[in-house]
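Let me begin by presenting the structure, written as structure tokens, before commenting on it.
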Amino acid sequence: MNLEVADLRLSFGGLLAIDGLSFGVGENEIVSVIGPNGAGKTSAFNCVTGFYRPTAGRILLDGQDVSGRRPEQIAAMGVARTFQNLRLFGELSVLDNVRAGTHLWSRQRAIDALLHTPRFRRTENEVTDEAHRWLDFVGLRGDRAGPARALPYGEQRRVEIARALARRPSLLLLDEPAAGLNHSEKAEMTDLIRRIRELGISIALIEHDMGLVMEVSERVVVLNFGREIADGPPEQVRRDPQVIEAYLGRDAEDSEIAEIIGDGHG
Amino acid sequence: MLEVSGLDVHYGGVHALRGMSLTVGEGEIVALLGNNGAGKTTTLSAISGLVRPSAGTIRFDGRDITRASPPDIVAAGLVHVPEGRRIFSTLTVHENLQLGGYLVRDQSVLRSRVERVYELLPRLAERRDQHGGTLSGGEQQMLAIGRGLVAGPRLLLLDEPSMGLAPLVVAAVMRLIADINAEGTAVLLVEQNARAALRIAHRGYVIESGEGSLDGPAGDLRADPRVVEAYLG
Amino acid sequence: QGLLDKGGKAEDKSSPIVLGMLVPRSGGEAAIGPYMTNAAQLAVDEINAKGGVLGRKLELRPEDDACDPKTATAAANKLVSSGVHVSVGGYCSGATLPTLPVFGKANVPMIIPAANSQELVDQRQKHVFLINGTGTQQTDAAVAFMTKKGAKNVAVMHDNTSYSKDIAVQTGKDLAEPGGPEQAILEAVTAKESDYGANVTNVMAKKPDFIYWTGYFQEGGLLIRQFRQAGYKGPIMVADGSVSPKLIEIAGKADAEGVYATMTQTPDTLQGADAWKTAYKSKFGSDPGPYSNQSYDAVRLAAEAIGKAGGTDGAKVIAALEAIDGFQMFSGPLKFTPEHTLTKGGFQILSVKGGAFALEDALA
Amino acid sequence: MSAPGTGGASGLDRVSGFARGLFDSRWPGPVLLLAALLGPFVNATPYALNLMTTTAISVMLAVGLNIVVGYCGLLDLGYAAFFAVGAYTSGVLATRFDWPLLATVPVVLVATVIAGIVIGGPTLRLRSDYLAIVTLGFGEIIRITANNLDVTGGPSGIHGIPGLFGGEDKVVFYYATVVIVALAVIGAARLGRSRIGRAWRFVREDEDAAAAMGVSPYRVKLAAYIAGAVWGGLAGVLFGAHLSAVSPGSFRFLDSALILMAVVLGGMGSNPGVVLGAIVLAVLPEALRDLVDWQYFVFGVLLILVMLVRPQGLWPARSRETPQDAARAVRPEVRA
Amino acid sequence: MSQLIWNGLFVGAFYSLVALGYSMVYGIIKLLNFAHGDLYMLGAFAGFAMLGAAGGVFGSMTLLPLLVVLVLTMAATGLAGVALERVAYRPLRGAPRLSLLITAVGASFALEYGMHLVAGADPRVYPVRLGGTTLDLLGARVTVQQLVLVLIAVALMIVLNVLVTRSREGRAMRAIALDPRAARLMGIDVDAVISRAFFLGSALAGAAGVMAGAYYGKIDFLMGFLIGLKAFTAAVIGGIGNIPGTMLGGLLLGLLESFGTYWLGGEWRDVFAFGVLILFLTVRPTGLLGERVTERV
Ligand SMILES: Nc1ncnc2c1ncn2[C@@H]1O[C@H](COP(=O)(O)OP(=O)(O)OP(=O)(O)O)[C@@H](O)[C@H]1O
Ligand SMILES: Nc1ncnc2c1ncn2[C@@H]1O[C@H](COP(=O)(O)OP(=O)(O)OP(=O)(O)O)[C@@H](O)[C@H]1O
Ligand SMILES: [Mg+2]
Ligand SMILES: [Mg+2]
């Protein structure tokens, strides 16, 4: 599925969170959206998925204008997402969380459930299998029958991705999937994102971890103050002076910190 | 100033901490590293009184605070900036900061500390009257840290302060931590960004499956092959 | 006994005769219950002191119906299961209605002392007898008195319960007849509140020269006071549910003075009934209240009918009740109409004089 | 709010382990049904039959409300409104138009669905606190309207409603009730364990996340509301037939609150719990009846004590993954 | 017209006073405190008992003893509220919030029928009654006593408002409502703050009880039920946890009832009041002054 965002604007009272943003995600492409805190990345995702109603502009999914539709309608078009602040169903089991993704395509009616028809059994098994399949796919460690809130943060991230995948989306929006992961876990996440793309899913990705962004993205869109300041292949964006000025700092993080605080102690 | 020894924590049937021990000395920055689910957050929560340990002791300035309530612990100068930010969503940024100084009786002290946070994190000043819940992820993280500072801690527990921050800001926050530390506040820092954490820390611990597995001066840890492989890459 | 146990035990002829009594003892109407059960107990004790009925003692078995249909049904079933012979209770019409089939099925005659909704009458159930005056009888008395007082513009007020609304609506119908006073307004209040300012304002706007309250004494007392505070100087009349010393207490002596009431004969107005009042007061430490005398009469009537029937068999007791003629009650000599209601309600007009109800007009 | 961490396995844990085994097993349902069926053989006095019948009806109400409150997380303080709609619709048709009671059932279904849509339609987008007040308001509106109208018999209501099949014996009626209620309980449980039941819980847990998965919170809530309304309405039919009379006094706010209490006391979202809660709340006041003036005082104190001992409810809902479901691990099939 | 407004405002002032406690408690721990109305009842009876006991001491004065009794009653019901919270609500912290509904209803039953046991079901009549010197205020009949009561009510509400919104206490309450765990990390003693909220709210309810008793004269063991319900309604439409909103909510409800009675008659009053409220909430889903919260995702 391809996504086209054209001249998107979003304001909260006087505050312009998004100010004429345009970008696109092509078929089976991984596009990263980066930018300083508060640049409007999450807001843009929220507009695309229907959680915010844009003040102006158009959002096209495979050429169809979907701006102003409600989240469940957007989801029905084949878009799934994860949330920056995890939004799992904390009290429900991990499996149930992932089963949520199957809601749209599972063909089961209330009457099947009331009468326990063969179709009911079949769909239930199918849904459970699917949930397990995606949990395996994201490599979840931990109890699948227990409540989601008992999992450590990183595992919860995986469950959220599994849930989105169980939707069988054509476009997946990931909001900081690697936040709170350590180095080796980030590597696993990089791999996971690649594998998702191999399924034929287009991906839009918000991430502050430049290592990951550089490794997986075909294209990087950089926002600042709700506006696009760069759009191109990772290598090109990385060297863009505007991006360095606004976002990356003069050099990549590590030496940056070292420079700022000096190697005084430790 | 902080001595944790033999800490055990259970969540229902889950044995999350098994005899975890660590110390933080006066004026130190101590990093706590570990994988997902290793028990870092649990350690901090036990220290700040959010979670009741089933065994072990926690001493702060020589005083046993193992069973003290969070308000008492805060009053003693031990402040915890929790994982997941936990901003009060329908309170304004300013009110969130004021709440950070809930136990500060002297209004003028409170006011000057809040102003100081606005100076250190100017983005918050711009967003002063916005509801905490509507801030961007990174802004919320700044607010959480700022809120912790307003309490005027002697020991600050930070749980993944760099999460969700842009690279430039990560650097700034790390510098901020170093600055506060330079002013005399001890810090126990849980970070996934091990590289950054070990840069500013004096010492570090690695925790695995609820137990401390490695510890030492930050420089040694940075050079330790096991740490390099798992956390630095 | 279970489903498979057939046939009840033969009745022990020396065991007491049990009178069941459903009254509210919890919930919003809880205040009424004791007035009724106390008076009934008084009658039971008096009869037992004289040797009981047919050589057997009487026993009163009160149950709480909370003025709630479900609770009332449960209580009625409980009474029936425990083998009561006659029911002498029934206060809230809505809660009494569903108990009719319960008692009917068990062939237990019901002498209903208080509930008097037209629905109870309309059912024409053989085992149901009402010894409170019907709404129509009360309104006849009320309208007659209003006419006599030269009222032109009458405000009728009720509290939206079946007893009260029945009377109010019936009064409205009577007032609609040509000649006589007109109905200025039919106003409903919500029971159990304290402030009726809005209702008072509504009524006052219609400039009535007579007010008739058909609900109970708690709201009645408040209304009297609030009307007086609002500057209403004309006559106020209340229906029998409000005839209680508490009405005067709540309204305040000054404001209650001169308030009229439609009421069946009561100990206050009957010659020689002082002894009864004294007996009640000495036994229970308080004055009798609403429906005390009817409850007292219900027990006496039950005893009379069982005596006449020569036993507790339901059908025979019903026949005996139907045959009763001239049995002396507070409301006068009793003879049931074919609908099993009082021939004549025996309604009179009382008025508050010097802080107590006294006979104003016997409406002979 | 309090610290979740606890000490090691205590005696209490072992007991609750046993209890968990009991709660997770499949037999309480059939056992309870059997007990209900055998009840009249033990005691068939009118009192016992009456109590068992009203208890069964309370169970149906509680299970219906559980769909709304327990599954879907919508606080409903006016559930008696649907109960009233069912009872009055069938009662009016049966007494004023002499319909056989069974013939009124389809009309009741239509009426309750309409009531559900009318009440839920405009208000289900509200936050839960406001929904609570709206439902409370609707409950009062329905009751007062019934109290004021003439078709509904005003304050004294309607009476003379025939039994289900026209004046059958109370035992027959009881058995018919037990069968209907059992079906209702099973139906509610099955709905809870299905796609729509999961959707209800997703919406309860997090509306936004549910919407992101394509679950329409509004429609799902409305479905819960309508299901609850139908259950309540059918219970109303049974109630009217059982008492033979319907009056506004049965649909006060307190009645709604009691149904809600059955749900909470039993354990929100847990079908067996809710059944248990309804039984306790129906039987307890009757059991305390002989305490007379102490009855409701003791009732109140007992309610507090029970909750202090079992804060999650008598039989709380648990994650209901079967061992088979939990264990099944399938190799990922990578789609092309 | 002005009479209608005055009637509504006067009743509404009582609703507001009771609603404030409801709102505070609901605002913090999301508890439908069914027992709140019963604290109002308790206040009325406490005042009744004290006035009866003090009858000899004060002789024929009315206002002064009433004020003294008012303050004492507020302290007593305040403590009763604290005790109630301690016994019936605090142990359930962390349980599903509706669990507290059960203990609240249980407490309500216990209070009502406890009073039934102590004082009986028959209504009691206050020993001191505020009579009525009537004034004409813009065409409305107003008594001096009514004015005094409304002034006391408004004064209490203003004090409370200042206490709750202008101070760290108020911030702490709102913080607890949002995230009690995080609130503890700020050094807030959650239990103590909740206790204080119960004290304040219950004291206000008790004050309203005494004032109602002295003004209307009649008190009984169930007098708190209906007003509790109304107070809850007022608290919600005011905007939950919002003190000025709650005051407005109470007044609005009083006015709706007054006008509903006038337009449609007493029997349809509540249908009118609730009908308007429901319509109002569908167009303004956050209540009168409730904040419009755009939760972000
Ligand atoms: N509902 C809202 N009301 C007011 N302001 C808002 C709202 N939602 C977002 N904002 C503001 O809009 C700006 C953009 O926020 P957004 O969450 O899109 O940033 P972001 O790019 O995702 O940042 P981060 O990397 O920190 O997550 C922020 O400054 C934020 O404070
Ligand atoms: N509320 C809870 N209930 C049950 N188990 C829990 C709960 N919280 C944490 N755990 C378990 O305790 C262990 C330690 O978790 P903790 O959150 O301390 O890890 P962490 O090191 O902070 O991980 P992360 O890097 O993901 O934040 C994990 O196995 C987790 O599943
Ligand atoms: Mg963001
Ligand atoms: Mg953690």
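Just so we're clear, the structure is a prediction, and the values are computed from it rather than from any experiment. Proteins come first, then strands; the chains are lettered A, B, ... in the order of their sequence lines, and each starts at number 1.
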Contacting moiety of [X], where chain D heavy atoms sit under 4.5 Å:
| X | result |
| --- | --- |
| C:Lys165 | side chain |
| C:Thr96 | neither |
| C:Pro101 | side chain |
| C:Ala75 | both |
| C:Ser117 | side chain |

Sub-4.5 Å side-chain heavy-atom contact between [X] and [Y]:
| X | Y | answer |
| --- | --- | --- |
| D:Tyr79 | D:Val69 | no |
| C:Leu100 | D:His159 | no |
| D:Thr112 | D:Trp231 | no |
| D:Arg252 | D:Arg143 | yes |

Side-chain ion pair, C:Glu63 and C:Arg25, N-O less than 4.0 Å: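 Salt bridge: no.
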C:Asp45/C:Lys283 ion pair, N-O < 4.0 Å: yes
Whether over 12 other heavy atoms sit under 6.0 Å from C:Lys192 NZ: yes
Top of C:Pro69, C:Ser93, C:Gly94 for chain D proximity - count of heavy-atom pairs under 4.5 angstrom: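 Highest number of pairs under 4.5 Å: C:Pro69.
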For chain D, the option from C:Leu79, C:Asn160, C:Val169 that forms the most heavy-atom pairs under 4.5 Å: C:Asn160
May I ask you to name which of [options] has the most heavy-atom pairs under 4.5 Å with chain C?
| options | result |
| --- | --- |
| D:Thr53, D:Leu49, D:Asn148, D:Asp293 | D:Asn148 |
| D:Leu51, D:Asp290, D:Ile161, D:Ile144 | D:Asp290 |
| D:Thr54, D:Val246, D:Val292 | D:Val292 |

Toward chain C, the part of D:Leu243 with a non-hydrogen atom under 4.5 Å: both
Parallel, tilted or perpendicular, as decided by the 30° and 60° cut-offs, for the rings of C:Tyr216 and C:Tyr91: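 Tilted.
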